Amino acid sequence: MNKKILVVDDEESIVTLLQYNLERSGYDVITASDGEEALKKAETEKPDLIVLDVMLPKLDGIEVCKQLRQQKLMFPILMLTAKDEEFDKVLGLELGADDYMTKPFSPREVNARVKAILRRSEMAAPSSEMKNDEMEGQIVIGDLKILPDHYEAYFKENQLELTPKEFELLLYLGRHKGRVLTRDLLLSAVWNYDFAGDTRIVDVHISHLRDKIENNTKKPIYIKTIRGLGYKLEEPKMNE
C-alpha cells in the first residue's frame, strides 16, 4: 500500500509540481489550498506525512501545525516557506514540525526529504501488547523506557507522545547514556544534513523532551545541560 502524502499550498503551480513528482515516486497525494481545509483533510485522511506551506489563507501553516499537535496527531510534517528567516524555522520546529525547507527548492530535494522522513517514522505506528522476548532491545534509564524496534518510549509506564524527530533525539541520547554530546554532534547525528549550524533547533527539542520526562524542567534530573558543551542523558540520582 502506497504512503499517503497531504500537500498544502495556496500556489497552484507548486501543488501541481509537488503532486506530479511525488506521484511519480509512488506516493498517493491529496491536496489542500488553505489551513482550514488542511486540518479537515489531515483528520479524515490520516496521511503518512504532510508537506505544509507556512503562508496559507484562513489559517497559516504554523497554526495548522500547532492544532494538529494539540490534537495528538503526530504524523510527520515537512514545512515549506518563502522566507529564509530563523524565526520561522525555530518557531515551526518548536510547534512540532519534523523538517523545514525554503523556497525555491528542487523536486528532487523534496522527494529526498520525504523519503528520509518516512523511512525514520515507518515504525511509529502503535504496536500491540509486547511480549517479554520483544523487549530485549529496550533502553531503561530510571523511569524512562525506550523501545527502538517499536519506535516507542514510556515514562512511568505511560507512553510518551513524541514526534519522529523527538523520538530520534531521545533514542540517540539513550544509546549514549552518560556521555556529553555537543549540540553540533546532535545536530549532525539526528538531523544528518546541513541545518546552517543552527543548534537552537537542538535546544528546542531538548526542551520538548524535558517537558515530557522531567518533574521540574528548571532542575532536570534526566537530561542535564553541560554548560558550554551540550547535553547528556543519565540515570537520576536517588537524592535528586
Side-chain angles (χ1 to χ4, degrees), residues 1 3-4 42 46-50 65 68-78 93-99 113-181 183 185-193 201-217 220-225 230-238 240:
M1 185 175 178
K3 296 288 187 181
K4 185 189 299 183
K46 298 293 189 296
D48 295 289
L49 180 145
I50 301 179
C65 184
L68 290 172
R69 294 312 189 216
Q70 287 175 342
Q71 295 174 44
K72 307 299 184 185
L73 296 174
M74 307 306 287
F75 27 66
I77 296 174
L78 169 61
L93 292 166
E94 280 181 341
L95 294 173
D98 297 277
D99 204 345
R113 294 283 183 93
V114 166
K115 183 178 179 180
I117 295 170
L118 288 174
R119 184 174 64 245
R120 293 194 299 260
S121 62
E122 65 184 1
M123 298 174 63
S127 64
S128 57
E129 187 175 349
M130 291 167 290
K131 301 175 183 178
N132 289 335
D133 60 356
E134 293 177 309
M135 309 257 296
E136 290 181 358
Q138 68 183 336
I139 299 168
V140 179
I141 304 169
D143 289 322
L144 175 66
K145 184 185 299 180
I146 306 169
L147 306 178
D149 290 343
H150 295 269
Y151 226 82
E152 295 174 357
Y154 294 80
F155 187 68
K156 295 183 178 178
E157 303 303 324
N158 296 313
Q159 185 170 355
L160 297 173
E161 295 283 354
L162 300 173
T163 67
K165 194 60 66 180
E166 289 169 0
F167 179 84
E168 289 175 51
L169 177 57
L170 182 63
L171 179 58
Y172 192 84
L173 289 166
R175 283 176 167 164
H176 298 84
K177 181 181 73 170
R179 284 183 53 187
V180 178
L181 305 171
R183 290 173 174 83
L185 173 61
L186 291 169
L187 190 66
S188 174
V190 178
W191 281 264
N192 63 45
Y193 57 85
I201 294 165
V202 176
D203 298 335
V204 165
H205 283 73
I206 290 289
S207 177
H208 286 178
L209 291 178
R210 281 176 170 163
D211 286 339
K212 296 170 183 180
I213 68 172
E214 301 284 3
N215 292 326
N216 183 351
T217 56
I221 63 174
Y222 284 91
I223 303 177
K224 297 289 187 70
T225 299
Y231 300 100
K232 70 174 177 177
L233 177 62
E234 64 180 18
E235 292 276 356
K237 297 179 175 60
M238 295 297 294
E240 289 185 307

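Heavy atoms only: backbone and side chains are in, while hydrogens, waters and symmetry mates are out. Fair warning: this is a prediction, and the values are worked out from it, not measured in the lab.
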[X] versus [Y], closest heavy-atom pair with distance:
X: P236; Y: G142; answer: CD-CA, 4.0 Å
X: L162; Y: A153; answer: CD1-CB, 3.9 Å
X: L147; Y: F167; answer: O-CZ, 4.0 Å
X: I77; Y: C65; answer: CD1-SG, 3.8 Å
X: R210; Y: I223; answer: NH2-O, 2.7 Å
X: H208; Y: E166; answer: ND1-OE2, 3.0 Å

Rounded to the nearest 0.5 Å, what separation is found between the [atom1] atom of [X] and the [atom2] atom of [Y]?
X: I201; Y: L169; atom1: CD1; atom2: CG; value: 12.0 Å
X: Y154; Y: Q138; atom1: OH; atom2: CD; value: 10.5 Å
X: D99; Y: I117; atom1: CG; atom2: CD1; value: 4.5 Å
X: H205; Y: T163; atom1: NE2; atom2: OG1; value: 5.0 Å
X: K4; Y: L49; atom1: NZ; atom2: CG; value: 13.0 Å
X: L160; Y: I146; atom1: CG; atom2: CD1; value: 9.0 Å

Could you go step by step and tell me if E152 and K145 meet the side chain to side chain contact (heavy atoms under 4.5 Å, CB included) rule? CA-CA 9 Å; E152 295 174 357; K145 184 185 299 180; over 6 Å; no

Kindly indicate whether the side chain of I206, heavy atoms from C-beta on, has any atom under 4.5 Å from the side chain of L173. yes

Validation row: L187, R183 side chains within 4.5 angstrom (heavy atoms): no

Under the side chain to side chain contact (heavy atoms under 4.5 Å, CB included) rule, what do K237 and I221 come out as? Steps first, then yes or no, please. CA-CA 7 Å; K237 297 179 175 60; I221 63 174; over 6 Å; no

Polar side-chain atom of [X] near backbone of [Y] as donor-acceptor pair, under 3.5 Å:
X: K165; Y: P76; value: no
X: D143; Y: F155; value: no
X: Y222; Y: L209; value: no

More than 12 heavy atoms of other groups within 6.0 Å of Q70 CD: yes

Let me see the working for D203 and Y231 under side chain to side chain contact (heavy atoms under 4.5 Å, CB included), right down to the final yes or no. CA-CA 9 Å; D203 298 335; Y231 300 100; 2.6 Å; yes

